[in-house]
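What follows is one structure encoded as structure tokens, with my remarks underneath.
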Amino acid sequence: MGVEAGGELEVIVARSAGTCFGVEAAINIAEEIRKPILGPLVHNPKIVGDLASQGIPILERYADLDQVDDLEEVVITAHGYPKQLKVALRERGITFHDATCPVLLKWVYRKIRNFEADGYHVILIGNPDHAEIIASRSYGEDISVVYDEAAVEGLPDGLEKTVAICQTTITKEKFDRLVGCIRRVKYPGLRAVDTRCKPVKNQQEAVEMLAQWVDAMIIVGGYNSSNTTNLARIAKNHLPQRTYHIDADALVQAEWLVGVRHLGIGAGTSTPKEQIAAVQSRIAELYPGTVAFRVGDGPQGAGQ
Ligand code: SF4
């Protein structure tokens with residue numbers, strides 16, 4: 001299928017697309033310290049590849065520390081690290097430089113501790129296998145994790161004070177749905193505190209708005225990035241056939257631009273701005289007509 005020459009394409013990059021302050025701070029720490037990192041610093045292959053190409057070793061996230069020779073200093077990734085494993089690092093005399101996002105360190109973990117101190121049972125809504133949830137859950141005494149309706153039945157009975165908080169990158173739709181399910185099935189009096197971080201909320205809202213009126217959406221970022229895949233999910237709700245999730249500019253196809261007059265670009269909080277710019281250049285190269293770029297989330301002149 002070819003692209004007709006001479007048309008006009010407007011490309012709208014979602015407001016707030018690309019790296020958040022937590023990811024940028026983590027990159028700065030890793031580049032300054034230049035010590036082995038316990039896992040992918042953030043879930044973006046380009047960022048991880050750039051760090052590796054600077055000679056910074058990327059270890060297994062939960063590496064058996066006895067197997068790693070001469071390890072004196074490590075960097076903890078932006079997703080956080082379990083409390084007991086930090087203790088293990090200290091016991092081995094390994095210094096750790098903590099690139100955990102301040103949203104987790106200063107907000108989420110504190111909420112967990114405060115709710116437990118007030119007698120609440122904390123339910124974390126998020127992916128139990130994701131590094132953020134594995135770490136967050138370690139900062140409480142007895143936290144339940146729920147990621148789908150099936151897990152709700154397994155929550156403990158007979159609890160009076162319960163509160164749900166969530167993975168910082170989950171979608172609002174999923175959080176609301178699971179809170180509703182837990183209230184119906186288990187705890188009618190469940191408190192709910194939306195702990196999605198501000199950059200994630202902004203990006204989800206921008207993609208939700210864009211996907212409602214553009215003809216196609218490209219979401220840029222790692223396939224292992226929770227917040228990027230959630231942006232793709234949000235876009236797909238509106239554009240099931242014309243949402244494309246890519247992790248490199250070279251993947252953009254000319255066919256995707258056929259019949260498209262307005263194209264939205266969203267990108268996760270771990271997607272470098274240069275990667276978004278590279279996707280824009282690739283679109284300009286492939287499109288045979290005029291391409292105009294802007295940042296926003298609504299149609300031109302719609303009060304932005
Ligand atoms: S997405 Fe949110 S929680 Fe994650 S690093 Fe960025 S600001 Fe922190």
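All ligand and atom numbering here is 1-based and tracks the order in the structure. Predicted, not measured: the structure shown is a model, and the values here were computed from it.
Seen from the ring of Y147, K174 counts as a face-on cation partner, given the 6.0 Å and 45° thresholds. For K86 and Y81, the positive end is not near the middle of the six-membered ring at less than 6.0 Å and at most 45° from its axis.
Heavy-atom contacts of T269 reach the following atoms of ligand 1: 1 (S) (cutoff under 4.0 Å).
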Go through it in stages, so that I can follow the logic: the residues are D247 and K46, the test is salt bridge (charged side-chain N to carboxylate O under 4.0 Å, His left out), and I'd like the CA-CA distance, side-chain angles, deciding distance and then a yes or no.
CA-CA 8 Å; D247 72 347; K46 181 175 184 323; over 6 Å; no
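A salt bridge does not link R261 with E10: every distance from a Lys NZ or Arg NE/NH1/NH2 to an Asp or Glu carboxylate oxygen is 4.0 Å or more.
The closest protein non-hydrogen atom to atom 6 (Fe) of ligand 1 is C20 SG, 2.2 Å. Looking at atom 2 (Fe) of ligand 1, its nearest protein heavy atom turns out to be C197 SG, 2.2 Å. Among all non-hydrogen protein atoms, the one lying nearest atom 3 (S) of ligand 1 is T168 OG1, 3.5 Å.
For A78, no heavy-atom contact with ligand 1 is shorter than 4.0 Å. Of the heavy atoms in V200, only side-chain atoms (C-beta onward) come closer than 4.0 Å to ligand 1.
For the residue pair T168/E132, the side-chain donor-acceptor check at 3.5 Å is satisfied. Side chain to side chain, S144 and H121 meet the donor-acceptor criterion of an N or O pair below 3.5 Å.
The residue among A25, C101, G22 with a heavy atom at the shortest distance from atom 8 (Fe) of ligand 1 is C101.
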